[in-house]
Amino acid sequence: MKLDLDKITPSNFIEDIIWNDLKSGKVKSVMMRFPPEPNGRLHIGHAKAACFNFSTAAKFGGKCNLRFDDTNPVKEDADFCDQIERDIRWLGFDPAGIYYASEYFGYMRDCAVKLIKAGLAYVDDSTPEVIRQMRGTLTTPGTDSPARGRSVKENLALFEKMQGGSIPDGGMVLRAAIDMASPNMNMRDPVIYRVLHAPHHRTGDKWCIYPMYDFAHPLEDAVEGITHSCCSLEFEDHRPLYDWVVNNCVDGQKPRQIEFARLNITDTVMSKRYLKQLVDMGAVDGWDDPRMPTLSGLRRRGVPAHAIVAFCNEVGLAKAVGTVDAAQLYDCIRDELNATAKRYMVVPDPIELDIINLPDDFSREIEVTEGGEYTVPHPTPIDPEKKCTPTVTRKIKLTPRLYVNRDDFMADPPKGYHRLVPNGLARLKNSFIVRCVGYDTDESGKVIKIRCEKTDEVKAKGVIQWVDRDSAADIKIRYLSPIVPDGDGELTERIDRDSLTVGTAKAEAGVNDLPIGEGVQFFRIGYFARDGKQTDAFNRVVELKSSYKA
RNA sequence: AGGGGUAUCGCCAAGCGGUAAGGCACGAGACUUUGACUUUCGCAUUCGCAAGUUCGAAUCUUGCUACCCCUGCCA
């Protein structure tokens, strides 16, 4: 079907470029790609790039591939590829194709030979140290390597030798002959192939030379017919080299590299290197530790994929480097959870509450809605985009013996507190209103039991969650504190291991039978905090995990 | 010091010569059997600074200034 460009409104500078390329006929259709290196798990920063590539391609009627940029075998492995694909699909994207850079090694080698024949590449047997020294500095030009003068025939033979296996790692490299005096360091005869005797997770020991990113990436894009190759800002300096490779190796449709600013979020480590360090040093449970900003960690933490995609769209894309307030992410999560989460009553820090004016054998079944619907009728219809769970009801049991949360009662409340206080009223959520007529404390003065009586009141400021003591289920809960980098980016004392588990809590009977991990949420929102402000709902997300490994 | 970038509300971010969108955060009110949600209202006479062009500039020009990236046989 025909794409009606006039009905598409570009919403960022790259979409502008794409729109214009389509309009002018420079490209006939859009082809994009999300190219992670399989050397770790994806984090929310990658999600921004993935969302952008997949969504934008779709917006312009194009396609987007998932491509594993596996050109450095010593850092990569097949397991990461599987995990990455899983994360991408979890986000809701369906790659037009799944490719591996390593599939193109043969083509890349041929391109290298082509460059050699054209006198545009030469084999250098200088040591890495010498090459580095001859590269010059930011302010002084580099000097030509003596190897630069080799004949085509000689270079061809040497490159052949590099592939033969007799050259040790670091013994020789293939360099592009560009300009050692270029003010752009990337153009000072960059290394495009190196000798590396390491087994590759896909090609095994077939190769002992591997292409460098700057050479490999443009070729990967070209092979897949990528029209717009978007990457992060730090590659801006590489674009001239990208174009050099494309212009000297590729015929026909040429891919174009466009750079945008990567995502930063306050108090969030967004560096694969640090995340890997955390995993390696055992500071966290693994890549999917719920404190990690990895997609798998967020998933395990109960963050809906939809919230992450919404967040990425909301944050937008530009070239200015900035740091998004984590509150914006939490807002997206809360928004999604509000529309989809099942609401079960949970008492994280239980304290007994007896209703004294009810007979001991009093028992009542209360029908409550499972959630996914707003409690209050909406003047405006709920966004149809949000998949609200249908109204499902269940029955819960109420007896005179309950548990309520410790902070839902205060013997000496500050001004503005409107839950249970001595002689005060509060509504037991989904049920009647009670009045606190007394409370017991232990020797230390700690409240151990609240005594209330059922009333016929119809209005109370506070509404508190409760759980029937006799039928309550024990659940394990944990509070999470995010991992934040300290000033130097070093991850040391900021990791609060103890924050992961709080212990046992009480919940409605049956909650342990519910599916855990990818959707069901138990949370309390709108708490009264010490400073009188509400706490962030997200901080109160409680994950149930009966089999959590401490 | 050479090259490449970026500067619009506390934080993201539209804007592309015609007189500052939106989201988050924040503040005030309404509603409420989750202090949530929903809802109403408020929140940049100003676009890093300074000149200039123009009837008119955040948008064009010229100077500054600040911050980020680049000297891997990593990506």
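A quick note: this is a predicted structure, and the numbers were derived from the prediction, not measured. Any value given below was found using the heavy atoms of this structure, including those in side chains, with hydrogens, waters and symmetry copies removed. Lettering follows sequence order; numbering is per chain, from 1.
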What nitrogen or oxygen pairs link the protein and nucleotides 6-9 of chain B at under 3.5 Å?
none

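The gap from the P atom of B:A36 to that of B:A30 amounts to 13 Å, rounded to the nearest Å. B:A51 and B:U65 have their C1' atoms separated by 15 Å, given to the nearest Å. The gap from the P atom of B:G4 to that of B:A13 amounts to 23 Å, rounded to the nearest Å. Spacing of C1' atoms, B:C43 relative to B:G23, comes out at 14 Å, to the nearest Å. Atom name C1', nucleotides B:G3 and B:U71: the rounded distance is 12 Å, in whole Å. B:U46 sits 9 Å from B:A58 when the C1' atoms are compared, rounded to a whole Å. Nucleotides B:A20 and B:C9 are separated by 11 Å at their C1' atoms, to the nearest Å. Here the separation of B:C47 from B:G52, taken at their P atoms, is 16 Å to the nearest Å.
Enclosure of atom NZ in A:Lys454 by more than 12 non-hydrogen atoms of other residues, nucleotides or ligands within 6.0 angstrom is indicated.
Considering only the side chain of A:Ile131, B:C73 comes nearest among B:A75, B:C73, B:C12. Listed nucleotides B:C70, B:C12, B:A14 differ in distance to A:Asn186; the shortest reach to its side chain belongs to B:C70.
For the ring pair (Phe, Tyr, Trp, His ring centres under 6.0 Å) with A:His200, the qualifying choice from A:Tyr100, A:Phe68, A:Trp207, A:Phe105 is A:Phe105, the only one to do so.
Each of A:Asp124 and A:Ser11 has a nearest nucleotide on RNA chain B; the 5'-most of these lies closest to A:Ser11.
Between A:Asp408 and A:Lys429, no side-chain nitrogen of the basic residue sits less than 4.0 Å from a carboxylate oxygen of the acidic one, so the salt-bridge criterion is not met. Contact check on A:Glu259 versus A:Arg239 returns a salt bridge, with a Lys/Arg side-chain nitrogen under 4.0 Å from an Asp/Glu carboxylate oxygen. Between A:Lys272 and A:Glu37 there is no salt bridge, since none of the side-chain N atoms of the basic residue sits less than 4.0 Å from a carboxylate O of the acidic one.
Under the Watson-Crick or G-U wobble criterion, with both distances below 3.5 Å, B:U54 is left unpaired in every strand shown. Nucleotide B:A20 forms no Watson-Crick or G-U wobble pair with any nucleotide shown, as no partner meets the under 3.5 Å limit on both distances.
At a cut-off of 3.5 angstrom, counting only N and O atoms as typed in the model, there is no donor on one side facing an acceptor on the other between the side-chain of A:Glu314 and the base of B:G23. With hydrogens and angles ignored, no donor-acceptor pair under 3.5 angstrom links the side chain of A:Asn184 to the base of B:G4.
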Does the pair A:Phe409 and A:Leu353 meet the rule for a side-chain contact (heavy atoms from CB on, under 4.5 Å), with working shown? CA-CA 10 Å; A:Phe409 172 79; A:Leu353 182 151; over 6 Å; no
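Using a 4.5 Å heavy-atom threshold, the side chains of A:Tyr210 and A:Thr71 count as separate.
Of the residues in residues 13-23 of chain A, those with a non-hydrogen atom less than 4.0 angstrom from any atom of RNA chain B are A:Asp16.
Looking only at atom types and distance, the side chain of A:Glu220 has no donor-acceptor partner in the side chain of A:Tyr99 under 3.5 Å away.
The glycosidic torsion of B:G56 lies more than 90° away from 0, placing the base in the anti range.
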